[in-house]
Amino acid sequence: MKWSLHHRHRLVLIGASAGAGFGIAYVIAVGSRTASSVAEGALTGMLIASGIGLLEFMGSAARPRRFLRQLPFVAFILVRTTSWVAWTAAVLLLVPSGLHGTNASPGGGFARAIAYSLVVSLLIVSLLELSRLLGRGTLWKLVTGRYHRPRIEERAFLLFDLVGSTSLAERIGDARFLAFLDRLVCDISEDISAYGGEVYRYVGDATIASWPIDRAVADAAIVRCLFAVAGRLHRERSSYERDFGLSPVVRAALHAGPIVVGEVGDSRREITFLGDTLNTVARIEKACAELGRDAVISGALLTRLTLPAGLRADPLGEVALAGKSRPVALHALAVVTGAAIAGA
């Protein structure tokens, strides 16, 4: 099962609870402290939050998402905020009473509630978009200081690298190649998020994803993510060729081990990973081309998970990697002929 299903269910519950909380806070702030007004405020807030959640899920579909992510930051904020406020207004007009208290002063109560909705929506949308720009969970980690002091964690990494990027850029030009690369990394990132991973960094034409080790090996989420990306790129091949005149081919490397995680920088603060584990996954990706394989996983990670039905791991032996004093056991991942990967 994809992480996104559980994640969405959790978001629905959190959103409904937050909506109820905002509704209660509003009616109390305007002086309506009776049990009925508090209950009506909670219900109205839940209806507003549920509708906004539906709008967000609709906006995450392929076509709306591609349109929205092309907008500048401010325009994107305004579009999302406007849709949230519009839904709030619709709920307030349909609900005879609730958090705008229309029984007492219809005009003033409605306008006051819309103003409250605008401020809250703008604040939440801005925080969500800022969090997205920094990376999933990064804003919260920076605010709470989770990695203010370096910590050692066990993490798994999945590195995707675009094959033949130099020749592709020469073929279609730098500007179109950048648009092509943006489309590719956005598609890859969606599956990374769906399987509980975090985009650690974009390095040139490579995308590096990271999972806490327990999340990566649970139901082989990291491997399922790899084949979900492969399936997506296969399905979208005609779309890429129509828009850019070519389709992407990627290689992938998977590895796990201890990593040092901590904050670095001053004028630009970020959370960074350091250690041999990350260096090794980069070396494994380079070995993919030398070995003529599309996806290679280290023995260190393979032994910690159970491959989904329909997949096989072909042993490649102990391979000497550049910069490594000892060879690393590697395996090539492939789909068993005629098999389908459930949940990927």
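In what follows, every heavy atom counts, from backbone to side chain, and hydrogens, waters and symmetry copies are set aside. All residue numbers refer to positions in the sequence shown, counting from 1.
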Using atom types as modelled, flag every donor-acceptor pair under 3.5 Å from a side chain in residues 158-169 to any protein atom, sequence neighbours excluded.
from, atom 1, to, atom 2, distance (Å)
Ser165, OG, Asp205, OD2, 2.3
Ser167, OG, Gly164, O, 2.9

Identify whether the distance between the nearest side-chain nitrogen and carboxylate oxygen of Arg201 and Glu270 falls below 4.0 Å. yes
Hey, are Arg183 and Ser239 close enough side-chain-wise for a donor-acceptor pair under 3.5 Å? yes
Any donor and acceptor pair, going by atom type alone, linking the side chain of Trp87 with main-chain N or O of Ile48 inside 3.5 Å? yes
At their closest point, which heavy atom of Ala216 faces which heavy atom of Ala156, and how far apart are they? CB-CB, 3.5 Å
Same cluster or not: are Ile284 and Leu274 linked, directly or through other Ile, Leu, Val, Met, Phe, Trp or Tyr residues, by side-chain heavy atoms under 4.5 angstrom apart? no
Thr207 and Tyr200: side-chain donor and acceptor closer than 3.5 Å? no
In sequence, state the C-alpha distance, the side-chain angles, and the governing distance for Glu236 and Arg242, and then conclude on salt bridge (Lys or Arg N to Asp or Glu O under 4.0 Å). CA-CA 10 Å; Glu236 295 289 329; Arg242 182 187 65 245; over 6 Å; no
Between Arg215 and Gly197, is there a donor-acceptor pair closer than 3.5 Å when you use the side chain of the first and the backbone of the second? no
Are Arg232 and Glu190 ion-paired here, with the side-chain N under 4.0 Å from a carboxylate O? yes
Check the pair Thr277, Asn279 against side chain to side chain contact (heavy atoms under 4.5 Å, CB included), reporting the backbone distance first and the verdict last. CA-CA 5 Å; Thr277 299; Asn279 294 333; over 6 Å; no
Greater than 12 external heavy atoms within 6.0 Å of Ile152's CD1: no
Start with the C-alpha distance between Phe180 and Arg176, add both sets of side-chain angles, then the distance that settles side chain to side chain contact (heavy atoms under 4.5 Å, CB included), and finish with yes or no. CA-CA 6 Å; Phe180 169 82; Arg176 288 192 69 205; over 6 Å; no
Side-chain (Arg171) to main-chain (Gly245) donor-acceptor, under 3.5 angstrom: yes
Could you pull out every donor-acceptor pair under 3.5 Å between side chains of residues 253-265 and any protein atom, sequence neighbours left out?
from, atom 1, to, atom 2, distance (Å)
His255, ND1, Ser298, OG, 2.7
Glu263, OE1, Arg269, NE, 3.0
Glu263, OE1, Arg269, NH2, 3.3

When hydrophobic residues are tied together by side-chain contacts of less than 4.5 Å, even through go-betweens, does Leu301 share a cluster with Val328? no
Is Ser50 reaching over with its side chain to a backbone N or O of Leu47, donor-acceptor style, under 3.5 angstrom? no
Residues Ile124, Val120; criterion side chain to side chain contact (heavy atoms under 4.5 Å, CB included); working and verdict: CA-CA 6 Å; Ile124 294 177; Val120 171; 3.6 Å; yes
Would Ile188 and Phe177 show up in the same hydrophobic cluster when neighbours are defined by side-chain heavy atoms closer than 4.5 Å? yes
Indicate yes or no: at least one non-hydrogen side-chain atom of Val74 is less than 4.5 angstrom from one of Pro72. no
Are the side chain of Ser126 and the backbone N or O of Leu122 linked by a donor-acceptor pair below 3.5 Å? yes
Membership question, hydrophobic clusters at under 4.5 Å side-chain separation (ILVMFWY): are Val217 and Ile192 in the same one? yes
To the nearest 0.5 Å, atom OG1 of Thr306 lies from atom CG of Asp219 at 9.5 Å
Out of curiosity, Arg304 CZ to Ile222 CD1, how far, rounded to the nearest 0.5 Å? 11.0 Å
Test side chain to side chain contact (heavy atoms under 4.5 Å, CB included) on Val223 and Leu305 and set out the steps. CA-CA 9 Å; Val223 176; Leu305 55 79; 4.0 Å; yes
Side-chain heavy atoms under 4.5 angstrom apart, residues restricted to Ile, Leu, Val, Met, Phe, Trp, Tyr: same cluster for Leu311 and Leu291? no
Over all heavy atoms of both residues, which pair between Ser247 and Glu241 is shortest? Give the atoms and the distance, please. OG-OE2, 3.6 Å
Calculate, to the nearest 0.5 Å, the distance between atoms CG and CG belonging to Leu330 and Asp314 respectively. 12.5 Å
Distance (rounded to the nearest 0.5 Å) between Arg224 CZ and Asp191 CG: 13.5 Å
Provide the closest heavy-atom pair for Tyr195 versus Ala228 in the form atom of the first, atom of the second, distance. CE1-CB, 3.6 Å
Interatomic distance, Asp182 atom CG to Ser189 atom OG [nearest 0.5 angstrom]: 9.5 Å
Closest contact, heavy atoms only, Leu118 versus Val85: CA-CG2, 3.8 Å
Rounded to the nearest 0.5 Å, the OH atom of Tyr202 sits from the CG atom of Leu184 at a distance of 10.0 Å
Establish, from distance only, whether the side-chain atoms of Tyr240 and Asp187 form a donor-acceptor pair under 3.5 Å. yes
Are Pro212 and Glu154 close enough that some pair of their side-chain heavy atoms sits under 4.5 Å apart? no
So which atom in Ala252 and which in Cys288 form the shortest heavy-atom distance, rounded to 0.1 Å? O-SG, 3.4 Å
Which residue pairs pass the salt bridge (Lys or Arg N to Asp or Glu O under 4.0 Å) test with at least one member in residues 273-287, sequence neighbours excluded? Arg251-Glu285, Asp276-Lys324
Arg237 CZ: over 12 foreign heavy atoms closer than 6.0 Å: no
Which atom pair, heavy atoms only, marks the closest approach of Gly204 to Leu181? O-CD2, 3.7 Å
Compare all side-chain heavy atoms of Leu233 with those of Val250 and state whether any distance is below 4.5 angstrom. yes
Centroid-to-centroid, Phe273 to Phe157, below 6.0 Å? yes
